[in-house]
Q: 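Quick one: the structure is below, questions incoming.
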Amino acid sequence: MAEGFKRGLHGWRADRLKSSWFRHAVVILSTGLYVGFCPVAPGTAGTLLAVPLFLVLSRLSPLSYGITVLAFLFAAAWISGAGEVVFGEKDSGRIVIDEIGGFLVTMGFIPPLPFYVASGFLLFRLLDVTKPFPIRRLEKLEYGCGVVADDVMAGIYSAGVLHGLFLFWGNRPPLLP
């Protein structure tokens, strides 16, 4: 195993991840219920998995939504750090919990209308793939934080654009009366 992966998030050592149930739990969670093993575009598949989660969470009050997403992002960083150790590579393509969190950031305080969900999905994927400045720099953070931070920043950028469109269209998407 590469030297950089002998220690994971907050001092996790690879030998602590030898427990089969713990490794299995890390794989299930970090890959978004195995969606990360999708042979084509696992990040897009992970973002698709986030859509029904957003639809459920969108029923929460804005404060509850924000607290829930923040807690999810901290957990995602921890799980991603452990996933890097389990998979033996930094920011493994199989880890998609970060895409789930990034999409939840994108959709923060946006109504769950199909047009906005589709727009948020496309904006987030575009910015997550192209990684405009300074998103790529965030990937260098250690211990799973870099895995999640770049997607959070792509989500923030996407949310900004989406909120701007939301205001431009007078709080309702086009094609609605």
Side-chain angles (χ1 to χ4, degrees), residues 1-57 65-108 120-121 123-159:
M1 187 176 335
E3 185 64 32
F5 296 104
K6 288 186 179 175
R7 297 187 69 79
L9 182 64
H10 302 295
W12 277 109
R13 292 192 324 256
D15 59 328
R16 290 186 184 166
L17 292 169
K18 286 185 179 175
S19 167
S20 65
W21 72 267
F22 187 75
R23 288 176 62 87
H24 190 65
V26 166
V27 170
I28 289 171
L29 294 173
S30 67
T31 63
L33 307 174
Y34 301 113
V35 168
F37 288 102
C38 181
V40 179
T44 301
T47 307
L48 279 173
L49 180 64
V51 171
L53 180 59
F54 163 69
L55 295 175
V56 169
L57 294 178
Y65 182 89
I67 290 170
T68 302
V69 170
L70 189 61
F72 181 90
L73 294 173
F74 279 106
W78 186 86
I79 292 165
S80 296
E84 287 182 322
V85 175
V86 168
F87 294 123
E89 61 181 305
K90 181 151 177 61
D91 202 357
S92 171
R94 293 174 279 200
I95 299 173
V96 298
I97 194 169
D98 53 328
E99 273 81 17
I100 296 168
F103 182 75
L104 294 176
V105 169
T106 297
M107 298 307 295
F121 179 87
L123 278 169
F124 174 69
R125 289 310 301 147
L126 175 69
L127 294 174
D128 186 36
V129 169
T130 60
K131 299 192 185 311
F133 182 81
I135 294 175
R136 190 162 309 280
R137 284 188 173 178
L138 294 174
E139 290 179 317
K140 292 182 170 87
L141 295 172
E142 294 184 7
Y143 306 127
C145 294
V147 176
V148 175
D150 70 312
D151 292 274
V152 168
M153 185 58 80
I156 290 169
Y157 283 2
S158 301

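No experiment lies behind these values; they were computed from the predicted model shown.
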Q: Pair up each side-chain donor or acceptor in residues 39-56 with any protein partner under 3.5 Å, not counting sequence neighbours, and list the distances.
A:
unit_1, atom_1, unit_2, atom_2, d
Thr44, OG1, Arg125, NE, 3.2
Thr47, OG1, Gly43, O, 2.9

Q: Could you pull out all donor-acceptor pairs under 3.5 Å where a side-chain atom in residues 150-157 meets a protein atom, sequence neighbours excluded?
A:
unit_1, atom_1, unit_2, atom_2, d
Asp150, OD2, Lys131, NZ, 2.8
Tyr157, OH, Phe133, O, 2.6

Q: If I compare all heavy atoms of Thr31 with all of Val27, which pair ends up nearest, and what's the gap?
A: OG1-O, 2.5 Å

Q: Determine the minimum heavy-atom distance between Tyr65 and Leu57, stating which atoms define it.
A: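 So the two residues come closest at CD1-O, 3.4 Å.
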
Q: Please round to the nearest 0.5 Å and tell me the distance separating atom CG of Leu104 and atom CG of Leu73.
A: 7.5 Å

Q: Looking at residues at least two apart in the chain, or sitting in another chain, which of them share a salt bridge (Lys or Arg N to Asp or Glu O under 4.0 Å) with Arg137?
A: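 Here no residue qualifies.
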
Q: Nearest 0.5 Å, what's the SG-CG distance between Cys145 and Asp98?
A: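 If I round to the nearest 0.5 Å, the distance is 12.0 Å.
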
Q: Do you know the tightest heavy-atom contact between Phe124 and Glu99?
A: CE2-O, 3.7 Å

Q: Measure the spacing between CD1 of Ile79 and CZ of Phe72 and express it to the nearest 0.5 Å.
A: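 The CZ atom of Phe72 is 7.0 Å from CD1 of Ile79, to the nearest 0.5 Å.
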
Q: Quick one: NZ on Lys90 to CD1 on Ile95, what's the gap to the nearest 0.5 Å?
A: 9.5 Å

Q: In Å and rounded to the nearest 0.5 Å, what is the CG to CG distance from Leu127 to Leu123?
A: 6.0 Å

Q: Can you name the closest pair of heavy atoms from Phe103 and Gly120 and give their distance?
A: CE1-C, 3.8 Å

